[in-house]
Protein chains: 2
Amino acid sequence: MSLVDESAQSDRVRDALTAAHLYYMQDLTMDAIAHELHTSRSSVSRLLSHARATGLVDIQIRSPLDAPSRLELLIQERFNITAHVVPVPDHATDVDRLERVALSVARILGQFFDSNMVMGIAWGSTMNAISRHVTPKQTHNSQIIQLNGAGNHRTTGLSYASEILGRFGYAFGAHVHQFPVPAFFDSPATKQALWRERSVLRLLEMQARMDVALFGLGSPFSEVPSHVYAGGYLEEGDYASLSRASVVGDVATVFYRADGSTDGILLNARGTGPGFEVLRQTPRRLCVVSGQAKLPSLRGALKAELITDLFVDESTARALVASI
Amino acid sequence: MSLVDESAQSDRVRDALTAAHLYYMQDLTMDAIAHELHTSRSSVSRLLSHARATGLVDIQIRSPLDAPSRLELLIQERFNITAHVVPVPDHATDVDRLERVALSVARILGQFFDSNMVMGIAWGSTMNAISRHVTPKQTHNSQIIQLNGAGNHRTTGLSYASEILGRFGYAFGAHVHQFPVPAFFDSPATKQALWRERSVLRLLEMQARMDVALFGLGSPFSEVPSHVYAGGYLEEGDYASLSRASVVGDVATVFYRADGSTDGILLNARGTGPGFEVLRQTPRRLCVVSGQAKLPSLRGALKAELITDLFVDESTARALVASI
DNA sequence: CCCCTCCTTGCACGTTTGTTCACTCGGCTT
DNA sequence: AAGCCGAGTGAACAAACGTGCAAGGAGGGG
């Protein structure tokens with residue numbers, strides 16, 4: 001980028017800031033702003049879009065604390081976590097549902113992440129959807145780390161996962177640390193060997209002291225399988241083994257049962273995600289769920305105490321509390 | 001308010017919250033929201049207005065830190081305070097100017113005030129303008145206290161000042177503590193006597209430990225005199241005395257000279273505002289200035305180190321840094 | 001030096017939003 | 001019991017807004 005571009009850039013930012021001020025603080029119309037800024041109304045409209053898209057304008061919704069929705073209260077009481085229920089009409093399709101929850105999360109994420117923090121991020125269709133909408137927020141000295149490997153026997157998986165991570169990193173101005181290993185090793189021994197490599201150890205150490213974790217849930221046996229299950233990461237035998245072990249879901253390729261337990265699930269010895277004892281040390285663990293298909297998986301994750309903040313669509317939330 | 005009204009109220013708030021979510025987080029159109037909420041588009045428009053007006057939706061503008069305006073930087077460097085420059089076109093009238101600065105301050109004030117805080121507030125045309133626009137924000141156990149008396153020889157001044165204070169108190173859900181004394185006593189002895197009353201002492205103690213002070217500036221000898229000077233609070237002789245003492249302005253009826261000094265200004269023995277040594281103990285001291293007429297007054301207040309955060313219109317800001 | 005490309009601009013149009021007005025529906029009074 | 005009052009509603013209109021498009025301009029490469 002040339003010097004000229006740079007100063008044009010900062011001009012643009014300054015104009016956007018001024019426009020935002022005039023629009024959101026002083027309630028001028030875009031017309032009036034256009035006049036003050038000596039440009040056209042359309043340009044002001046675009047400036048304001050830009051200001052919103054780049055996080056110069058930050059719009060938050062704050063419940064008066066005494067009025068979180070009934071559902072949020074119920075979930076809070078029953079599971080001792082903070083719930084953020086996303087209103088989605090009951091007749092919405094699962095795709096809509098995911099998209100709308102993801103959009104909401106993307107907008108609110110900045111409230112959980114700040115300078116000098118480390119955020120761990122999984123990958124999958126939910127994370128992908130979120131990543132495409134994250135509202136930027138400038139931070140310093142913050143890190144985004146990949147929670148689990150993404151390669152399979154066909155590709156190194158780098159592009160998909162790294163695109164996702166990259167978008168988060170870009171939005172927050174954070175360093176991105178990829179985890180260049182397969183999602184599942186073919187043999188536990190290989191994993192153990194790699195887990196002694198210094199480059200991997202460095203990453204594991206960062207995981208151990210991260211401030212925020214962001215993840216969706218996998219649900220291997222629902223009709224709408226998650227990315228891991230559709231993408232060729234697992235084979236027939238693996239499925240059978242998961243089924244035998246009564247697995248109901250996974251978080252970052254670590255599988256668990258309905259009661260939240262993980263002991264004796266063979267596949268976990270080959271998976272690359274952080275063990276739950278590591279995850280549970282993380283102060284804030286944001287879980288994003290949409291669609292009732294993930295309900296069993298969600299129940300298990302709650303049992304395992306993996307979640308501190310749950311983002312969930314309204315009807316799934318209702319189902320969660322309905323079914324004692 | 002009846003029980004029915006109350007629940008209708010909370011229904012309204014819940015709807016407003018949902019609408020705000022759908023509009024600001026999920027980018028639906030009002031039409032779509034109307035459909036989901038089973039109401040008309042107009043109602044949604046009103047719901048959203050309501051949500052904004054009551055602070056359910058909070059819109060902030062955050063400079064990327066590396067790009068505060070040139071003016072803000074200059075002021076910061078030269079006076080060691082935080083400046084918030086409000087963009088106002090140069091050809092605006094002084095009334096416009098005041099109104100627009102006040103609106104901006106009203107919108108941003110919530111960022112400086114929170115639960116369990118004590119905020120001291122002066123009164124005058126600036127405060128009046130701000131009070132008519134404050135965006136509500138619910139707080140608990142917070143207090144608003146009046147910085148100086150408001151009576152004159154004709155009225156007790158309670159209604160004017162208490163309307164102002166009342167609006168702030170209502171917006172923040174804060175207790176309001178009025179200061180039922182005249183702006184200036186006729187004799188210093190009366191002031192000293194009252195200053196030993198327990199009710200007054202209680203107020204002075206609160207002033208001494210307030211967290212935020214909010215005030216405008218008076219400028220006795222400019223063409224556009226402030227409320228105190230127009231309202232019959234002072235008499236001919238007082239003016240002469242101020243003039244002899246080279247007074248350039250006042251903060252909450254405490255007068256000062258261009259160099260920030262107050263010693264030997266007789267009127268201060270009869271005024272009721274907090275002494276500067278008290279004010280300077282307050283962690284955040286927000287000063288709102290609009291119009292170049294107040295420039296000398298502003299310079300004096302800066303010399304006296306009364307200000308930690310300055311809100312000022314663009315052209316006055318420019319004049320402030322231009323003139324060295 | 002010219003041309004090509006990419007980015008930005010303002011206009012024109014269609015869409016979205018704010019607001020006025022007439023109306024309805026409880027609650028309270030006479 | 002009738003009637004009045006105020007709050008809230010949707011329809012209709014007017015204002016404000018977003019966006020596709022063609023034109024213009026700056027930068028880089030041939």
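It should be emphasised that the depicted structure is a prediction, and the values quoted were computed from it without experimental measurement. Values below: every heavy atom of this structure, side chains too, minus hydrogens, waters and symmetry copies.
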Check your understanding: How is B/Ser49 classified with respect to the nucleic acid when contacts are heavy atoms under 4.0 Å: base, sugar-phosphate, or nothing?
Key ->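 It contacts nothing in the nucleic acid.
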Practice item. Identify whether any heavy atom of B/Thr29 sits under 4.0 Å from a base atom; if not, whether one sits that close to sugar-phosphate; answer base, sugar-phosphate or nothing. Key: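 Result for B/Thr29 = sugar-phosphate.
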In whole angstrom, what separates [X]'s [atom1] from [N]'s [atom2]?
| X | N | atom1 | atom2 | value |
| --- | --- | --- | --- | --- |
| B/Met30 | D/dA16 | CE | P | 15 Å |
| B/Tyr23 | C/dT15 | OH | C1' | 12 Å |
| B/Asp27 | D/dC17 | CG | P | 17 Å |
| A/Asp15 | C/dT8 | CG | C1' | 13 Å |
| B/Arg12 | D/dT9 | CZ | C1' | 11 Å |
| B/Leu48 | C/dT19 | CG | P | 13 Å |
| A/Leu37 | C/dT9 | CG | C1' | 14 Å |
| A/His50 | D/dG18 | NE2 | C1' | 17 Å |

Point to revise | Residues that B/Asp114 engages under salt bridge (Lys or Arg N to Asp or Glu O under 4.0 Å), provided they are two or more places apart | key: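 Checked B/Asp114 against salt bridge (Lys or Arg N to Asp or Glu O under 4.0 Å); matches are B/Lys137.
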Check your understanding: Among side-chain atoms of A/Gln143 and A/His177, is any donor-acceptor pair under 3.5 angstrom?
Key ->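 Their side chains do contain a donor-acceptor pair, which is all the 3.5 Å distance test asks for.
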Review point. Is any side-chain nitrogen or oxygen of A/Arg52 closer than 4.0 Å to OP1 or OP2 of D/dC17?
Key: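 Negative; the distance criterion is not met.
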Point to revise | Phosphate OP1/OP2 of C/dT9 contacted by A/Thr39 side-chain N/O (<4.0 Å) | key: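 A/Thr39 to C/dT9 OP1/OP2: no side-chain N or O under 4.0 Å.
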Review point. Is there a donor-acceptor contact under 3.5 Å from the side chain of A/Thr82 to the main chain of A/Asp309?
Key: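 Not at all, since once roles are kept as given, no pair shorter than 3.5 Å links the two residues.
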Output a table of nitrogen or oxygen pairs between the protein and nucleotides 11-13 of chain C separated by less than 3.5 Å.
| residue | atom | partner | partner atom | Å |
| --- | --- | --- | --- | --- |
| C/dC11 | N4 | A/Ser42 | OG | 3.3 |

Check your understanding: Which residue pairs pass the salt bridge (Lys or Arg N to Asp or Glu O under 4.0 Å) test with at least one member in residues 23-37 of chain A, sequence neighbours excluded?
Key ->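 Applying salt bridge (Lys or Arg N to Asp or Glu O under 4.0 Å) to every pair that reaches into residues 23-37 of chain A, excluding sequence neighbours, yields A/Asp27-B/Arg107, A/Glu36-B/Arg100.
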Point to revise | Nucleotide of D/dT19, C/dT9, C/dT17 approaching A/Ser43 most closely (side-chain heavy atoms) | key: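 The answer is C/dT9, which lies nearest to the side chain.
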Point to revise | Non-neighbouring partners of B/Ala32 that pass side-chain contact (heavy atoms from CB on, under 4.5 Å), sequence neighbours left out | key: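 Only B/Leu28, B/Thr29 meet the side-chain contact (heavy atoms from CB on, under 4.5 Å) criterion with B/Ala32.
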Practice item. Identify, with sequence neighbours excluded, every residue that meets side-chain hydrogen bond (donor to acceptor under 3.5 Å, both in side chains) alongside A/Ser142. Key: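 Residues passing side-chain hydrogen bond (donor to acceptor under 3.5 Å, both in side chains) with A/Ser142: A/Thr139.
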Point to revise | Results of ring pair (Phe, Tyr, Trp, His ring centres under 6.0 Å) for B/Phe172 - residues two or more places apart only | key: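 So B/Phe172 forms a ring pair (Phe, Tyr, Trp, His ring centres under 6.0 Å) with B/Phe113.
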